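Written out below as structure tokens is the structure these notes cover.
If you're wondering where the values come from, they're calculated on a predicted model, not measured in any experiment. Whatever order the structure lists them in is the order used to number ligands and atoms, beginning at 1. Because only heavy atoms are used, hydrogens play no part in the values below, and waters and symmetry mates are left out as well, while side chains stay in.
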Amino acid sequence: MSQLAIFGGAPVRSTPFPAYSVIGEDEKRAVMEVMDSGVLSRYLGCWDEDFYGGSKVREFEAAWAAQSQAKHAVAVNSCTSGLYAAVGALNIGPGDEVIVSPFTMVASATAALIFNAVPVFADIDPELYTLSAETIAQCITPRTKAIIVVHIFGQAADMDPIMALARRHGIAVIEDCAQVPFATYKGRPVGTLGDIGVFSLNYHKHIHTGEGGVCVTNSDELADRLQLIRNHAEAVVEDKGTTNLVNMIGFNFRLGEIEAAIGLSQLHKGPALIAQRKQNVQYLETKLAGIPGLAMPKVGPAGDHVYYQHVFDYDEEKTGVSRDSFSAAVKAELPPTLLREHEGPLLGAGYVKPIYLLPMYQRMIGYGTVQCPFRCPLYDGKPSYDAGICPNAERAHQSRVITHEMIRPQMTTRDLDDVAAAFHKVADNFGELSDRAHTIA
Ligand SMILES: *Cc1c(COP(=O)(O)O)cnc(C)c1O
């Protein structure tokens with residue numbers, strides 16, 4: 001009777017959703033201008049006028065800083081690079097601990113390891129999916145040097161209590177802003193609520209340059225150190241007259257002129273793209289009202305949400321159908337999105353396995369064969385990466401969260417109607433889904 005696609009019925013829709021491509025004529029023109037100039041990058045890895053890069057990089061940094069209301073913006077070639085540079089800039093090193101969320105892209109935690117510090121995972125708030133002052137407080141030790149707060153899915157963590165806690169303990173705060181460009185917290189732009197904020201310009205994000213990233217800070221000293229780490233610090237410090245040699249181990253984290261030029265165009269488009277996402281979410285949520293067990297994302301103390309992903313909290317107690325059966329059934333009703341066809345419908349059960357459950361943490365094998373830095377003689381802590389340390393993150397991933405990206409700006413109301421129809425069709429057939437699930441089990 002149901003004809004659910006997962007049981008062989010016709011799906012709600014099989015024509016792919018339109019591609020999310022934010023690259024257009026502006027970007028093409030910007031790229032050609034750089035190509036015509038012949039200068040695709042203008043960095044020198046020594047103390048020289050060109051230590052800070054070419055004109056597009058500098059123009060992009062000035063524009064990003066203005067948009068973020070930050071004193072400094074430092075462009076880098078990914079958010080990952082930016083997080084590494086941020087940890088380095090803050091003098092973090094062997095023996096130190098960095099508190100971080102386990103419910104994020106791996107780089108948020110790897111950033112600590114790069115400078116031989118040890119990530120300590122604090123649990124997430126079950127509604128915001130970010131760290132909270134309460135969960136962070138439980139993890140602070142005399143070794144805690146920094147907190148990496150990850151603003152996840154499009155919404156900032158509750159930063160006022162987190163910053164009060166951090167300042168009380170003299171701990172630095174890095175904001176991972178990869179998923180929240182243009183977002184605000186209580187009316188203030190994210191990124192400078194803590195000491196350093198880091199954004200992503202990877203093609204999965206709201207705006208992008210293919211690959212890229214940018215750090216923001218209000219501190220002159222931190223901006224200087226970020227710039228050094230970005231560009232071969234060890235070769236520069238002597239001539240530049242830098243005396244603090246801590247972590248002056250440089251990388252090549254430089255963004256090219258082409259990407260910077262694309263970034264300038266993208267920056268201008270950002271606000272309209274975000275507005276469209278918000279509008280799509282509002283429309284879809286109205287259509288999804290009344291589906292049992294499916295709670296729409298809550299906008300928390302930040303008072304703003306830029307919807308990198310649209311995330312539901314699914315309660316199987318209310319439906320008798322497991323989260324995984326429900327999301328698989330919805331997915332079967334929907335088509336993929338153009339340009340990302342091989343990923344299938346952009347909807348998934350869970351987000352990421354809590355990071356501490358990855359093999360590197362489970363076996364505490366980092367640098368070399370001697371379990372550095374987890375069991376380093378310079379480190380007198382005993383981190384736990386046991387299953388169960390962050391129950392909210394584990395529950396969110398294993399049984400509660402459904403994420404989807406079908407609220408991106410290219411989606412029309414007709415497309416959104418199909419998304420809603422898929423959810424309703426499955427909800428109208430919960431009975432069969434649970435019967436079959438039981439039969440299969
Ligand atoms: C995408 C992402 C990153 C990494 O960004 P890249 O620019 O790809 O290095 C880091 N943190 C979070 C939360 C992300 O979503």
| query | Between Tyr52 and Asn231, does any side-chain donor sit less than 3.5 Å from a side-chain acceptor? | reply | no
| Among side-chain atoms of His310 and Glu285, is any donor-acceptor pair under 3.5 angstrom? | yes
Give me the pairs of N or O atoms, one from ligand 1 and one from the protein, that sit under 3.5 Å apart.
unit_1: ligand 1; atom_1: 5 (O); unit_2: Ser200; atom_2: OG; d: 3.4
unit_1: ligand 1; atom_1: 7 (O); unit_2: Cys79; atom_2: N; d: 2.9
unit_1: ligand 1; atom_1: 7 (O); unit_2: Ser200; atom_2: OG; d: 2.7
unit_1: ligand 1; atom_1: 9 (O); unit_2: Cys79; atom_2: N; d: 3.4
unit_1: ligand 1; atom_1: 9 (O); unit_2: Thr80; atom_2: N; d: 2.9
unit_1: ligand 1; atom_1: 9 (O); unit_2: Thr80; atom_2: OG1; d: 2.5
unit_1: ligand 1; atom_1: 11 (N); unit_2: Asp176; atom_2: OD1; d: 3.3
unit_1: ligand 1; atom_1: 11 (N); unit_2: Asp176; atom_2: OD2; d: 2.7
unit_1: ligand 1; atom_1: 15 (O); unit_2: Gln179; atom_2: NE2; d: 2.8
unit_1: ligand 1; atom_1: 15 (O); unit_2: Lys205; atom_2: NZ; d: 3.3

| How would you list, by chain and number, every residue that makes a ring pair (Phe, Tyr, Trp, His ring centres under 6.0 Å) with Phe374, sequence neighbours excluded? | Tyr361, Tyr385
| said: Give me each pair satisfying salt bridge (charged side-chain N to carboxylate O under 4.0 Å, His left out) with a member in residues 263-283, each pair once, sequence neighbours excluded. | reply: Glu27-Lys269, Lys278-Asp304
| request: Not counting sequence neighbours, list each pair that qualifies as a ring-ring contact (aromatic ring centres under 6.0 Å, His included) and has a residue in residues 328-357. | output: Phe103-Tyr351, Phe121-Tyr356, Phe153-Tyr351
| said: Atom OH of residue position Tyr203 - does it have more than 12 heavy atoms of other residues, nucleotides or ligands inside 6.0 Å? | reply: no
